[in-house]
Amino acid sequence: MAARRTAAAGSGEDGKSLPLDELMPWSVRPLRTGRSWVMGPDPTALRARWERLAAAEGAEQERLFRPSRSRTPNTPVAALPGRSTGTGRFAREPGACPDPVRILHGPFDEQWLLPDHRLIDAARPELWRVGDERQLFTVEHGYVPQATGPALSVTHLLPAGRAGRIRPLYRRPDATDPNLAPGLLDVLRARLGPEVAPGSVLAWITAAALPSPSGCRVPLPADAEVWAAGVELGRELVRVQLRGARGGERPRLPGGRRPYVRAALPARPAGIVYDAEAEALVIGDGRISPVPAGAWEFTVSGVRVLELWFERRVAAAVGVVPEGADADGLDAVGARGWTPEWTSELLELISVLALLDGLRPRQEALRARLERAEVPLISRAELRAAGVLPVPGSVRLPASVLGHQEEGPEGQFALL
């Protein structure tokens, strides 16, 4: 019954919630690489791919590169903000391999990317400009009717792949210029207390966001006690998802419930099975336990997170090439079997999902409470009267970042 009520509220039919698009107006699409080989779970493989591509010449380099309308080995581009990679044509001067950077490839899947603008169709430079040590990104998940799981997630990493809209918490570096509707903080502080800050708004959104076909929606309470409870819950949800980043603690389950490798995982696993009775993941002859059922069943947009994470690494371990590409392409370069790092990441992911599942009852209770008529909500009419809505079109665009130069195509410089 609770799930059906949540779905109804998320559809916006009751008019109690507000579009996230109006609360955090600036949004960006995720990075789109255009070629799968520039991203993957193993940074060693990415370096090997670069070296092979840089050593190739002419038609062979073009075949390995996999050109698109946006990128070929002869496309000059501007450097990625904050990166010192080349801007000349790759075919002429590839340069040294850049250090792979950590990115988020879909929900809860941390992978690696070669941060060279010449290799990426749509790198979203506006995100790189604001992606500093104080930035956080909300990532909307695709809407699937009747599916369970979170409406959005929070990360400190640049999101890539097929994620939904990305909304940075801040529009400029150094945690300045919050990506919130102008005047929203003033309304919330008048209603809920002077301590309301951009981080607490993000925490509330993380705890209370509802999925809908038109994008996430968020109810805003006018009750300080309800707000405080939601912010506390949201901060815990964010802490778990950041996995120790931003000065937090790495996620750990209580003693006796922490997953361990009971039998070594095979070098090239073929599949994964969940033994519900033993609370164990069975991977060939390998075995990990205890794995709570809530972690195994954790889904986003109707897809089981652990299964998708595992399938991507099985493919990378054997050099399987996605989407029908040639078997001798760069995706197959560097395949070296299952790595110890992946085992450690799998154990941490199980902990993350188990902890998030453990917080789900509190989220459901908060949402049920918000649906009851006795909890006053900040309405669209109130935000209109305060001048918060409609949102000015200017705040839906990237903020100007001045005061420094970025290297343009072929080494030219342009002031932003």
(message) I need the full list of side-chain hydrogen bond (donor to acceptor under 3.5 Å, both in side chains) pairs touching residues 278-290, with sequence neighbours left out, sorted by first then second residue.
(response) R257-E279, R262-S289, D275-R287
(message) According to ring pair (Phe, Tyr, Trp, His ring centres under 6.0 Å), who are the partners of W112, at least two apart in sequence or on a separate chain?
(response) none
(message) Tell me which pairs pass ring pair (Phe, Tyr, Trp, His ring centres under 6.0 Å) where either residue lies in residues 32-90, with sequence neighbours left out.
(response) W50-F90
(message) What I want to find out is whether D21 reaches R165 closely enough, with some N-O distance under 4.0 Å, to be called a salt bridge.
(response) no
(message) Looking at R167, is its backbone amide N or carbonyl O close enough to the side chain of T138 to form a donor-acceptor pair, meaning the two atoms are under 3.5 Å apart?
(response) yes
(request) Supply the atom-to-atom distance E345 CD to E110 CD, rounded to the nearest 0.5 angstrom. (result) 7.5 Å
(request) Hey, could you give me each pair passing ring pair (Phe, Tyr, Trp, His ring centres under 6.0 Å) that has a residue in residues 229-257? Not counting sequence neighbours. (result) none
(request) Work out which heavy atom in V101 is nearest to a heavy atom in P115; give both atom names and the distance. (result) CG1-CG, 3.9 Å
(message) Between R35 and S68, do the side chains contain a donor N or O and an acceptor N or O under 3.5 Å apart?
(response) yes
(request) Report the residues that fulfil ring pair (Phe, Tyr, Trp, His ring centres under 6.0 Å) with W296, sequence neighbours left out, ordered by chain and then residue number. (result) Y274
(message) Test your reading of the model: is there a side-chain donor-acceptor pair from D132 to the backbone of D174, 3.5 Å cut-off?
(response) yes
(message) Holding to side-chain hydrogen bond (donor to acceptor under 3.5 Å, both in side chains), I want the full list of residues that pass it with R32, two or more places apart in sequence or in another chain.
(response) none
(request) Using modelled atom types only, decide if a donor and an acceptor are shared between the side chain of Q363 and the backbone of A207 within a distance under 3.5 Å. (result) yes
(request) For residues F310 and W338, establish whether the separation of their ring centroids is below 6.0 Å. (result) yes
(request) Report yes or no: does R396 contribute a side-chain atom to a donor-acceptor pair with the main-chain N or O of S27 at less than 3.5 Å? (result) no
(request) Kindly give the heavy-atom pair with the smallest separation between E22 and A181, and that separation in Å. (result) O-CB, 3.3 Å
(message) Students often mix this up, so state it plainly: with edges at 30° and 60°, are the rings of H141 and F108 parallel, tilted or perpendicular?
(response) tilted
(request) Grab the two heavy atoms, one from D177 and one from A399, that are nearest each other, plus how far apart they are. (result) OD2-CB, 4.2 Å
(message) Which residue in the set D109, D42, V318 passes side-chain contact (heavy atoms from CB on, under 4.5 Å) when paired with R313?
(response) D109
